[in-house]
Amino acid sequence: MKKSVFAAAVVASFVASNIAKAEPQAEVLHWWTSGGEAKSVAVLQKEFADNGGTWTDMPVAGGGGDAAMTALRARVLSGNAPTAVQLKGPAIQEWYEEGVLADISAVAEEKGWDTVLPASIAGHMKCEGSWCAAPVNVHRVDWIWANADVLEANGIAMPNTWDEFNAAADKLQAAGVIPLAHGGQAWQDATVFEAVALGLGGPEFYQQALVDLDPAALQSDTMIAVFDQMRKLRGYVDGNFSGRDWNLATAMVMNGEAAFQIMGDWAKGEFLAAGKAPGEDFLCASTPGNGYLYVVDSFAMFDVDGDDKKAGQNLLADLIMGPNFQEVFNLNKGSIPARTDVALDKFESCAHTSAADMAASSDEGSLLPSYAHGMALRGAQAGAITDVVTAHFNSDMSSADAVKMLADAVANSL
């Protein structure tokens with residue numbers, strides 16, 4: 001028995017040694033093809049090369065990752081999975097359930113990932129207790145952005161409650177200013193909806209309704225109030241909102257055509273790229289209410305053959321979670337590092353607010369996954385909710401009817 005244990009240890013040591021000596025290889029599938037994102041990936045590529053690795057880039061543009069997922073499925077079905085793939089939320093677990101993800105626990109445990117990641121975010125990176133993905137960043141979704149000059153000219157402060165927002169919007173509308181810049185696309189409607197649900201219902205309600213899909217929460221008076229507020233917001237957008245891209249809505253705030261936008265912190269990247277300064281040209285604050293809604297970009301490692309590819313996965317995982325890449329990537333992306341120990345000296349004030357709020361929300365149990373951005377629910381359930389939200393936003397449907405439709409849609413999607 002002792003000989004058998006000793007032999008197994010020798011074999012394990014030999015395998016680990018061979019992987020360590022192998023030249024790291026990584027084929028990386030992602031959809032980061034825009035300017036700032038491409039720059040960030042280039043930094044990771046350089047770090048990988050500087051550590052003796054060979055990187056094969058597989059960018060797939062379009063569809064917010066939909067095209068990339070189509071390409072991935074074809075590769076996996078043909079038995080030729082990429083080394084690492086940009087994935088997020090429940091999609092990681094779905095691929096794990098298909099038995100195609102690799103275990104990178106050795107790297108995660110050696111580097112102490114559990115000690116530098118918020119517990120809820122670390123949970124997304126684990127598959128039945130083993131680490132299977134590495135997080136790149138944290139985007140906060142529940143932000144409200146404002147044109148500082150427009151608010152000052154109209155004697156308006158950033159709202160702390162939805163009633164204050166409504167009063168400010170009424171005042172702006174009377175002055176001929178579009179209160180809310182919005183793009184009429186389903187995911188943008190969902191982004192606003194989940195921020196309102198968190199703000200009016202609180203973290204516990206959000207968890208029950210949009211994470212646990214509790215029928216009582218979905219049909220509650222609180223949910224009716226959420227749709228009531230969505231109806232008010234519909235009245236604050238301009239008549240040309242249908243089909244507008246989110247960045248064009250951001251531009252409306254930037255140029256003073258509109259006062260507010262409710263959007264994730266990728267909007268901040270637009271302001272900064274245009275040379276606008278937070279606190280001077282534009283203002284940022286969480287949407288009214290308590291809690292923090294997040295979406296995390298991450299890379300999952302797929303089960304591959306060859307010591308060189310396994311070495312590539314280990315190196316890539318280590319570099320993704322490295323303080324340097326976490327800093328550089330997020331400075332370009334508008335998000336904040338997933339690691340809580342990365343210095344924020346180079347980040348602007350909105351990022352400092354986001355990091356402080358994330359830490360406080362993690363301690364309070366109100367750090368919550370965004371349903372609208374693929375972190376809280378699988379596709380069928382998220383799609384069912386969004387279909388109802390958009391149908392309500394673009395019609396005269398009553399809040400009571402919307403709530404009934406919502407409960408039915410979720411039940412039919414399960």
Side-chain angles (χ1 to χ4, degrees), residues 87-97 117-129 133 135 138-142 162 186-187 189-230 264 286-296 298 357-358 360-392 399-414:
L87 288 178
K88 65 182 180 182
I92 297 171
Q93 310 303 319
E94 289 172 359
W95 283 106
Y96 173 76
E97 288 165 8
L117 292 174
S120 57
I121 290 171
H124 291 284
M125 305 300 129
K126 295 178 182 179
C127 298
E128 292 188 341
V138 177
H139 274 298
R140 185 175 196 169
V141 177
D142 54 319
W162 285 105
W187 71 269
D189 298 340
T191 297
V192 175
F193 174 78
E194 67 177 4
V196 173
L198 176 65
L200 289 180
E204 186 175 351
F205 170 77
Y206 180 93
Q207 173 74 34
Q208 291 169 346
L210 299 181
V211 180
D212 300 336
L213 302 178
D214 176 56
L218 292 171
Q219 299 176 79
S220 65
D221 290 343
T222 301
M223 189 61 80
I224 289 177
V226 171
F227 279 104
D228 285 345
Q229 178 61 31
M230 290 296 290
S286 62
T287 50
N290 297 318
Y292 186 116
L293 299 180
Y294 65 82
V295 54
V296 176
S298 54
D357 288 355
M358 180 175 75
S361 295
S362 183
D363 291 342
E364 296 165 3
S366 58
L367 184 61
L368 295 160
S370 162
Y371 112 78
H373 294 272
M375 290 302 296
L377 301 171
R378 299 198 176 193
Q381 289 72 50
I385 295 170
T386 299
D387 286 347
V388 175
V389 169
T390 295
H392 171 267
S399 296
D401 286 345
V403 164
K404 184 179 185 308
M405 183 183 289
L406 180 67
D408 290 345
V410 169
N412 291 331
S413 72
L414 296 172

In terms of side-chain heavy atoms, does Thr386 have a donor or acceptor partner in Tyr371 at a distance below 3.5 Å?
-> yes
Quick one: closest heavy-atom pair of Val226 and Ala197, and the distance?
-> CG2-CA, 3.8 Å
To the nearest 0.5 Å, what is the distance between CG (Asp228) and CG (Leu200)?
-> 9.5 Å
Least distance between heavy atoms, Asp189 atom then Met230 atom | O-CE, 3.9 Å
Quick one: list whatever passes salt bridge (charged side-chain N to carboxylate O under 4.0 Å, His left out) with Glu97, sequence neighbours left out.
-> Arg378
How long is the span from the NE2 atom in His124 to the CE atom in Met375, to the nearest 0.5 Å?
-> 4.0 Å
Specify whether Phe193 and Phe227 have parallel, tilted or perpendicular ring planes, treating 30° as the upper limit for parallel and 60° as the lower limit for perpendicular.
-> tilted
Working to the nearest 0.5 Å, report the span between CG of Leu368 and OH of Tyr292.
-> 11.5 Å
Count the heavy atoms of every other residue, nucleotide or ligand shown that sit under 6.0 Å from CG of Asn290, and state whether that count exceeds 12.
-> no
For Ala402 and Val388, the nearest pair of non-hydrogen atoms, with its separation, is O-CG1, 3.6 Å
Residue pair Pro118 / Ser362: nearest heavy atoms and the distance that separates them | CB-OG, 3.9 Å
Dump the intermediate steps for side chain to side chain contact (heavy atoms under 4.5 Å, CB included) on Lys88 and Val296, then the final yes or no.
-> CA-CA 6 Å; Lys88 65 182 180 182; Val296 176; over 6 Å; no
CD1 of Ile224 to CD of Gln219, rounded to nearest 0.5 Å, is 9.5 Å
In short, Leu218 meets Ala209 closest at the heavy-atom pair CD2-O, 3.4 Å
Where is the tightest heavy-atom contact between Leu293 and Pro369, given as atom of each residue plus distance?
-> CD2-O, 4.4 Å
Indicate every side-chain donor-acceptor pair of residues 405-414 with a distance under 3.5 Å to a residue at least two apart or in another chain.
from	atom 1	to	atom 2	distance (Å)
Asp408	OD2	Lys404	NZ	3.1
Asn412	ND2	Asp408	O	3.2
Ser413	OG	Val410	O	2.8

Chi angles and distances behind the side chain to side chain contact (heavy atoms under 4.5 Å, CB included) call for Ser120, Tyr294 | CA-CA 10 Å; Ser120 57; Tyr294 65 82; 3.8 Å; yes
Quick one: CG on Leu367 to CD1 on Ile121, what's the gap to the nearest 0.5 Å?
-> 5.0 Å
State whether the side chain of Gln93 and the backbone N or O of Lys126 hold a donor-acceptor pair below 3.5 Å, judged by distance alone.
-> yes
Rounded to the nearest 0.5 Å, how far does CD of Glu194 lie from CG of Asp142?
-> 8.0 Å
Above 12 or not: heavy atoms from other molecules or residues under 6.0 Å from CG of Asp221?
-> no
Indicate yes or no: at least one non-hydrogen side-chain atom of Leu213 is less than 4.5 angstrom from one of Ile385.
-> yes
